[in-house]
Structures are given as C-alpha cells and as structure tokens.
Enquirer: 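One structure, as structure tokens, below. Some questions next.
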Amino acid sequence: MSQAFSMGAYGFYVWSAVAVFFIVLLIDTLAPLARRRRNLRELRARIARQENRRRPGTPPSNESNA
C-alpha cells in the first residue's frame with residue numbers, strides 16, 4: 001500500500017499534481033457561481049436605485065438609464 005502512494009521516486013510530483021488539479025477544478029466550479037451571485041446583487045441594487053429615484057405618482061419612463 002505504501003508503494004502505491006509513494007509511486008517510486010515520483011510520488012510527491014504525482015500527488016501534488018493531483019492536488020493542484022482538484023484545487024483548480026474546485027475554483028473553476030465556484031468562480032462562475034460567485035460571479036452570478038455578485039451580478040444578481042448588483043442588478044438588484046441598480047433596480048432599487050432606479051425605483052427610489054422615481055417620484056411618487058410619476059409613471060415609469062421608457063428611457064433606459066445606462
């Protein structure tokens with residue numbers, strides 16, 4: 001069993017490469033999820049700011065405020 005983990009003289013290289021692969025895979029999975037949450041939060045804040053700018057009783061305009 002110990003020989004399987006040490007893989008001769010290349011065990012450190014192999015296991016560090018496997019660890020780096022899984023770390024990159026995890027980052028690749030979590031980064032888009034975090035970006036999506038951030039974009040949704042910014043969009044909600046922008047919509048809230050636009051709603052707060054409107055005066056009561058004023059109909060919404062068709063202009064896009066970019």
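Keep in mind that what you see is a predicted model, and the values were worked out from it rather than measured.
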Enquirer: As a quick check of understanding, evaluate side chain to side chain contact (heavy atoms under 4.5 Å, CB included) for W15 and M7, giving each step before the final call.
Expert: CA-CA 9 Å; W15 289 112; M7 296 182 189; 3.6 Å; yes
Enquirer: Test side chain to side chain contact (heavy atoms under 4.5 Å, CB included) on R37 and L33 and set out the steps.
Expert: CA-CA 6 Å; R37 290 183 67 197; L33 297 175; 5.8 Å; no
Enquirer: Would a hydrophobic clustering, with Ile, Leu, Val, Met, Phe, Trp and Tyr connected at side-chain separations under 4.5 Å, put L26 with V18?
Expert: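 No, L26 and V18 fall in different hydrophobic clusters.
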Enquirer: Rounded to the nearest 0.5 Å, what's the gap from CZ on R44 to CG on N39? Could you check?
Expert: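 Reported value, rounded in 0.5 Å steps: 11.0 Å.
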Enquirer: Please tell me whether F21 and Y10 are part of a single hydrophobic cluster in this structure, the criterion being side-chain heavy atoms less than 4.5 Å apart.
Expert: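 Result: yes, single cluster for both.
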Enquirer: Roughly how far, to the nearest 0.5 Å, is CG of N52 from CD1 of I47?
Expert: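 The CG atom of N52 is 12.0 Å from CD1 of I47, to the nearest 0.5 Å.
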Enquirer: Keeping the roles fixed (side chain from D28, backbone from V24), state whether a donor-acceptor pair exists under 3.5 Å.
Expert: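 Between the backbone of V24 and the side chain of D28 there is no qualifying donor-acceptor contact (under 3.5 Å).
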